[in-house]
2 protein chains.
Amino acid sequence: MPKLNCIFGVMQSILENIAKHVVLTSEEQALFLSKTETKQFKAKTILLSAGEIATCTYFVNSGILRSFNINDNIIEHVLHFACEGWWIGDMYSYISRKPGNLFIEVLEEAEVVIITKENHQKLYQEIPKLERFFRILAENSLVSHQERLMDNLSITAEERFEKFCSKYPTLIQRVPQKHIASFIGVTPEFFSKMKARLLKK
Amino acid sequence: MPKLNCIFGVMQSILENIAKHVVLTSEEQALFLSKTETKQFKAKTILLSAGEIATCTYFVNSGILRSFNINDNIIEHVLHFACEGWWIGDMYSYISRKPGNLFIEVLEEAEVVIITKENHQKLYQEIPKLERFFRILAENSLVSHQERLMDNLSITAEERFEKFCSKYPTLIQRVPQKHIASFIGVTPEFFSKMKARLLKK
DNA sequence: ATAATTTCTTAACCTAGGTTAAGTGCTCTA
DNA sequence: TAGAGCACTTAACCTAGGTTAAGAAATTAT
């Protein structure tokens, strides 16, 4: 595996991601990178478990992660997928410093940029522009959660599935369909039934 | 109606709200207030309609507003309530500058602090600390939307109602129950049935 | 390759919550 | 103070999606 390429890829990618919303000088870029750590994880690795306090935020350079919770009936619910160029974490636990409800798991071997809460806060002090970046990130995420919330209330599972397909076409091939079912808000059995119904058309 | 008291109340309130997360000098406070406008609205006033571009964000000093959308079947879905000390708006439309899907309506006569997008952006330039404030606001809002999303997938309408009651005890007395039904994600008829069932216990 | 484990499918049956409709209050407004 | 809307309730009936269970297919590990 061409490690150097990967590392290079990562670094570009997270800086590019930031550059979408704020302009950092090259010193600031270097400072930012010095406060991050990049790691490889194999599939099935659990980066965070429910009950733990989330001390890090993750940026995915390659591979796929998911966040999910497990309710009293031992049923998993996928909150989020994150593949190349996406951020993921347990925002509740991260900002409140209380034990969270989310698990974060690697679904497909991944290279992940890790920022600890400590470093994150130092970065806010040293590069105030990052407040703006993470504000915009949170606002965009909020908008997509609002949309998903309304979709769960006002459209059918079939329509949600179609939306998912057009929004995240690559994910369908890459993650087990039971997780997509969960993200959409139906059981794997119903998802399977629904898929068969759609194929007949 | 003691207009001066009201105005004074508003101003305190929004500055107090900001003071929860960032410290402004009194010059900055004055600058902030100079970029806002406070207005009274009667119940049933529509501040924003679906299809329009949201050019303002609202902070509620008194009264109650709600945001909702209307789907193809002419059914309303409440996204949000906002009473004293809450912010409300159509974040999607506001940040994308595209026509939104939300209506914002006054449910109970209200005094509202209005910030236009233009002024908001000037404020970001003149008081960069506000980036931090609105970052934190967006992050908190994100967390509560994530929780609501998971609740809609993993707990029953009855449990959601109980959560609503303990989270927003004052709203139950003040808002027509059909809107609470909608917020929770059930029809008014089912809500009524559920309430009767709960009273028997 | 082969066993072991996941994942996916199918099908019969079940239920939370939706729909329709009719009736009973409210509460504004005239 | 009437009466025109709203807001709420009740009840019969309906359906999207859940549950259970068992087998088939695909992965993964040995």
Side-chain angles (χ1 to χ4, degrees), chain A residues 41-46 63-64 66 68 70-78 81 105-109 150-164 171-201, chain B residues 42-46 64 66 68 70-78 81 105-109 150-164 171-201:
Chain A
F41 295 103
K42 280 191 298 184
K44 296 189 184 177
T45 310
I46 301 286
I64 306 181
R66 69 168 176 139
F68 64 99
I70 297 183
N71 74 359
D72 305 336
N73 312 319
I74 319 176
I75 291 177
E76 294 180 3
H77 289 279
V78 174
F81 294 110
E105 181 197 30
V106 178
L107 289 183
E108 194 183 81
E109 181 165 21
M150 295 310 246
D151 283 351
N152 279 331
L153 299 178
S154 61
I155 66 180
T156 64
E158 215 167 292
E159 291 170 310
R160 273 177 269 142
F161 176 48
E162 279 160 9
K163 258 187 131 164
F164 184 90
L171 279 183
I172 300 152
Q173 274 83 290
R174 290 170 67 187
V175 314
Q177 96 180 12
K178 62 174 186 167
H179 292 148
I180 294 172
S182 170
F183 182 91
I184 285 172
V186 296
T187 58
E189 295 84 355
F190 181 75
F191 188 90
S192 190
K193 180 156 70 176
M194 185 175 81
K195 213 178 74 174
R197 205 165 56 208
L198 283 172
L199 284 175
K200 273 190 203 151
K201 293 180 186 170
Chain B
K42 281 191 298 184
K44 296 187 186 177
T45 311
I46 300 286
I64 305 181
R66 70 165 174 141
F68 64 100
I70 298 182
N71 73 2
D72 305 337
N73 312 318
I74 318 175
I75 292 177
E76 293 181 4
H77 290 279
V78 174
F81 295 111
E105 182 198 29
V106 178
L107 289 182
E108 193 182 82
E109 180 165 21
M150 294 310 245
D151 284 351
N152 278 331
L153 299 180
S154 60
I155 67 180
T156 63
E158 215 167 294
E159 292 170 308
R160 271 176 271 143
F161 177 48
E162 279 161 8
K163 259 187 130 164
F164 184 90
L171 279 184
I172 300 154
Q173 274 82 289
R174 291 170 67 188
V175 181
Q177 95 182 9
K178 63 173 184 168
H179 292 149
I180 294 172
S182 170
F183 182 90
I184 284 172
V186 296
T187 58
E189 294 84 357
F190 181 76
F191 188 90
S192 190
K193 180 156 71 176
M194 185 175 81
K195 214 179 74 175
R197 205 165 56 208
L198 283 171
L199 285 175
K200 274 190 201 149
K201 292 181 186 170

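The figures here come from the full heavy-atom set of this structure, side chains too, leaving out hydrogens, waters and symmetry mates. Residue numbering restarts at 1 for every chain, and letters A, B, ... go by the order of the sequence lines.
Rounded to whole Å, atom P of C:dG17 lies 10 Å from atom CD1 of B:I155. Note: CD (A:E189) to C1' (D:dA16) measures 15 Å, nearest angstrom. In this structure, B:I74 atom CD1 and C:dT20 atom C1' are separated by 16 Å, rounded to whole Å. We find that CG of A:L153 is positioned 12 Å from P of C:dG17, with the value rounded to whole Å. Going from atom CG of A:L107 over to atom P of C:dT7 covers 10 Å, rounded to whole Å. When rounded to the nearest whole Å, the span between CD1 of A:I180 and C1' of C:dC8 equals 13 Å. B:F190 places its CZ atom 19 Å from the P atom of D:dC13, with the value rounded to the nearest Å. For the pair B:K42 NZ and C:dT29 C1', the computed distance is 13 Å after rounding to whole Å.
Between A:K42 and A:E109, none of the side-chain N atoms (NZ, or NE/NH1/NH2) sits under 4.0 Å from a carboxylate O, so this pair counts as no salt bridge. Under a 4.0 Å N-O distance rule, the pair A:K178/A:E76 does not qualify as a salt bridge.
Picking from D:dG17, D:dC8, C:dG17 the nucleotide with the shortest atom distance to the side chain of B:K178 gives D:dC8. Picking from C:dG18, C:dC8, D:dT10 the nucleotide with the shortest atom distance to the side chain of B:A196 gives D:dT10. The side chain of B:K195 lies closest to D:dT9, out of D:dG17, D:dT9, D:dA7.
Counting non-hydrogen atoms under 4.0 angstrom, A:K193 reaches a base of the nucleic acid.
The ring of A:F161 has its center closer than 6.0 angstrom to the ring center of A:F191.
Applying the 4.0 Å criterion to OP1 and OP2 of D:dT9, one finds that B:R197 has every side-chain N and O outside that range. Taking only side-chain nitrogens and oxygens, A:T187 comes nearer than 4.0 Å to OP1 or OP2 of D:dG18.
A donor-acceptor pair is defined here as one N or O able to donate and one able to accept, closer than 3.5 Å; no such pair exists between the side chain of B:S192 and the backbone of B:E189.
Residues A:K44 and A:P188 each lie close to DNA chain C; by heavy-atom proximity, the contact nearer the 5' end of the strand is made by A:K44. Mapping A:I75 and B:S192 onto DNA chain D via the closest heavy atom, the residue that lands nearer the 5' end is B:S192.
Two residues are said to be in side-chain contact when any heavy atoms from C-beta on lie closer than 4.5 Å; B:L171 and B:F164 meet this criterion.
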